[in-house]
There are 2 protein chains.
Amino acid sequence: MEQTFSISDLAREFDITPRTIRHYEAEGLIAPAREGQRRIYSGRDRVRLALVLRGKRLGFSLAEAKEIIDLYAAPQGEAFQLRTMLEKLDEKREMLEDKRRDLDAAISNMDKYAARCRDRLAELESRREAAE
Amino acid sequence: MEQTFSISDLAREFDITPRTIRHYEAEGLIAPAREGQRRIYSGRDRVRLALVLRGKRLGFSLAEAKEIIDLYAAPQGEAFQLRTMLEKLDEKREMLEDKRRDLDAAISNMDKYAARCRDRLAELESRREAAE
DNA sequence: CCCCGAGTTTACGTTAACGTAAACGTAAGT
DNA sequence: ACTTACGTTTACGTTAACGTAAACTCGGGG
């Protein structure tokens, strides 16, 4: 049998509240099994939750995250479905690459600025030495 | 004289509404000059706006974006200020690198999945050929 | 002089993503 | 049997990030 998790297990692990997890379920992002009323989360549910949270960190809305994640859970039975899925994947991939360009620009931007700060600091230090 | 921009100039260029730009000003992200009542945006203002929007695309809140952008506009006069700025820069840089890790994981994840889809599709195609 | 387009302020409305509280169920420990 | 911990639903509250509308100003054209 595969391992299962309670809602507070996952809440602890990902440092969010149970309310947040229930909210994601209400939005159709996760669909855990039930044991009576209690939600029982499988390993796959856990992975989906992790994907949602990563999506959020990258600036996607829950709706956008759902679009992406649902691709990974699609049926992929026939060739036609596989083709349209590959198209959608490509589209999403471009979005991600756009973000990577933004991110790389932001980082190199910051690096350049930091380098200038260090230069400036070194100059100040050398002047101070010269004054001794 | 350097080039200046009206609020609708920038709104057009960045595909946002004037309201959005005014909102950023109200939140302290931009502080354009005034000519009477009219806002006059300098090239530097334009750059700040671009930074805000990039921050948003990367999933930062306006407050977070402000923190980062304000670093680039800080005085940096004395050595002490330079040192604390370099510390803050390093901290922000780590946030960006965290995001890059997430992003790279998301992309390679998607690539692997797409590859599996292509394999599966190729298999279906070869079977179809064999059936002819 | 009047109007038009562009800009302004003020203020209330809206949406997403939860927070918070109430009222209740259930299983385990003492 | 009572408490405690954890879970549930329902529903209203909150915050960020704007949207939307009203009422005003202001410089230029006809």
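Order of the sequence lines sets the chain letters (A, B, ...), proteins ahead of strands, with each chain counted from 1. Side-chain atoms are counted along with the backbone in the values below, which use heavy atoms only and exclude waters and symmetry mates.
Counting only residues at least two apart or in different chains, salt bridge (charged side-chain N to carboxylate O under 4.0 Å, His left out) contacts with residues 20-44 of chain B comprise B/Glu25-B/Arg34, B/Glu25-B/Arg39. Screening residues 95-104 of chain B for side chain to side chain donor-acceptor pair (under 3.5 Å), with sequence neighbours left out, gives A/Arg57-B/Asp102, A/Arg100-B/Asp104, A/Asp104-B/Arg100, B/Arg93-B/Glu97, B/Asp98-B/Arg101. Every pair passing salt bridge (charged side-chain N to carboxylate O under 4.0 Å, His left out) that includes a residue from residues 47-56 of chain A is listed here, sequence neighbours excluded: A/Arg48-A/Asp70.
In the 5' to 3' direction, nucleotides of DNA chain C lying under 4.0 Å from heavy atoms of chain A begin and end at C/dA17 to C/dT20.
Residues from residues 47-73 of chain A that place a heavy atom under 4.0 Å from any atom of DNA chain C, listed by number: A/Lys56, A/Ser61, A/Leu62. Contacts between residues 13-34 of chain B and DNA chain D, counted as heavy-atom distances below 4.0 Å, involve B/Thr17, B/Arg19, B/Thr20, B/His23, B/Tyr24.
Listed by chain and residue number, A/Arg19, A/Thr20 satisfy the side chain to side chain contact (heavy atoms under 4.5 Å, CB included) test with A/Thr17 (two or more places apart in sequence, or in another chain). A search for salt bridge (charged side-chain N to carboxylate O under 4.0 Å, His left out) contacts involving A/Glu64 returns nothing, not counting sequence neighbours. For B/Arg116, the side chain to side chain contact (heavy atoms under 4.5 Å, CB included) criterion is met by B/Tyr113, not counting sequence neighbours. Shown here are the side chain to side chain contact (heavy atoms under 4.5 Å, CB included) partners of A/Asp90, two or more places apart in sequence or in another chain: A/Glu94. Residues satisfying the side chain to side chain contact (heavy atoms under 4.5 Å, CB included) criterion with A/Ala79, sequence neighbours excluded, are A/Arg83, B/Leu121, B/Leu124.
A/Ser6 and A/Asp9 share a donor-acceptor pair across their side chains, judged by distance under 3.5 Å alone.
In this entry the distance linking CZ of B/Arg39 with C1' of D/dC26 reads 15 Å, nearest Å.
Annotation for B/Ile69: hydrophobic cluster partners, listed by chain and number, are B/Phe5, B/Ile7, B/Leu10, B/Phe14, B/Ile16, B/Ile21, B/Tyr24, B/Leu29, B/Ile30, B/Tyr41, B/Val47, B/Leu49, B/Leu51, B/Val52, B/Leu53, B/Leu62 (ILVMFWY side-chain heavy atoms under 4.5 Å, direct or chained).
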